[in-house]
Amino acid sequence: MPELPEVEGLRRRLVPRLVGARIERLEVRDAKLWHPAEGLSEAAVAGRTVLAIDRYAKLLVFSLSGDLAFALHLKIAGQGVYQSVTGERLIGGHPYPLPGAVLPDPSTRFILWLGSGAAFFVNDQRRFSWLRLMPAAQVSEFVASHRYGPDPLAPDFTPDVLVSRLRARKGRPIKAALLDQTCLAGLGNIYADESLHAARLHPMLRAGDLTPADVRRLHAAIKHVLDIAVPVGGAIVKNGRAVADVESGRDFLRVHGRAGQPCPDCVGRAGGGSRDGSSDGSSRGATAQRSGAAGEAPRIVRAFLAGRGTYFCPVCQPAPPECGLG
Ligand SMILES: [Zn+2]
């Protein structure tokens, strides 16, 4: 993280505050993360107005007056903080620094000082984030160089599109295919786990073994998970654990970061029905064997797949026969 919902949630909240604002200056506090195109420097940003903020996968592109633009990638630990003149904060991305931290702090890598006295801070304790300044004419080529797949939030992301993206990766585990940015742009580890759980598909299933009904269910699950996650700016996960923060609306994860906890869907079914209203909702789920003691809901399992912590329910998401997981 930050993944698609965190980045898109930040973008949506920044647009009304930053678009139309005049930039007084850009302060670069970490030269390692700063990549101006040839002939440009941070001085070129001063006095320009933010015209638009667009997102491509997890990349944010700020279009500026005078045919300039900068691209910001928060990578795995970046955080964006808009601070108004009165000190009110809007925070997106990684949970650290904490909301009450004095900014700038040692993790602050860039600051956009705005003419109004407000500021936009980019913080990153891990130093993987980056900012690239370029002429506006270079943006489309720069974005294209990343070969992003279709955006799951775009209206033209249909079940047929997902079928064709998975067909090209049919030998790979479905979880690895979903994490591939050239397959699907920006979904990310947390939301791949949540989508597979909602679709009742084991993460190690080969993409090519999904039935047309599986793919339709997975497509619907991705849309459903993002519909919940994006408006609230994504979930909060700290040290591999989902954070219980009910008030913010960001406490919606059902499997990711919940290793050892009872599966909420199995608990729901044991209580008289699944959350999608069907008696079981899945032919794969219907054939699953219950595990654990009688009356005890199965617990979420954590495994490593494609180098990432992967969370799933061994009952809702039964393992394919050749799989060593679950
Ligand atoms: Zn379950």
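For ligands, and for the atoms within them, numbers begin at 1 and follow the listed sequence. Only heavy atoms go into these numbers, but all of them, side chains included; no hydrogens, no water, no symmetry mates.
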| task | Could you tell me whether a side-chain N or O of Lys58 sits under 3.5 Å from a main-chain N or O of Gly188, the two making a donor and an acceptor? | result | no
| request: Would you indicate whether Asp67, at its atom CG, is surrounded by more than 12 heavy atoms from other residues, nucleotides or ligands within a distance under 6.0 Å? | output: no
| request: Check the Zn ion (ligand 1) and write out every protein N, O or S atom at under 2.8 Å, as residue and atom. | output: Cys263 SG, Cys266 SG, Cys313 SG, Cys316 SG
| message | Are Phe157 and His219 an aromatic pair, judged by ring center distance below 6.0 Å? | response | yes
| message | Among Ile53, Val81, Leu74, which residue satisfies the side-chain contact (heavy atoms from CB on, under 4.5 Å) criterion with Leu10? | response | Leu74
| Can you check whether Phe70 and Phe62 have ring centres sitting under 6.0 Å from each other? | yes
For residues 86-103, tabulate all N or O donor-acceptor pairs below 3.5 Å that involve a side-chain atom, not counting sequence neighbours.
residue, atom, partner, partner atom, Å
Thr86, OG1, Ser84, OG, 3.0
Arg89, NE, Gln83, OE1, 2.7
Arg89, NH1, Pro99, O, 2.8
Arg89, NH1, Ala101, O, 2.7
Arg89, NH2, Gln83, OE1, 3.0
Arg89, NH2, Ala101, O, 2.9
His94, ND1, Tyr96, N, 3.2

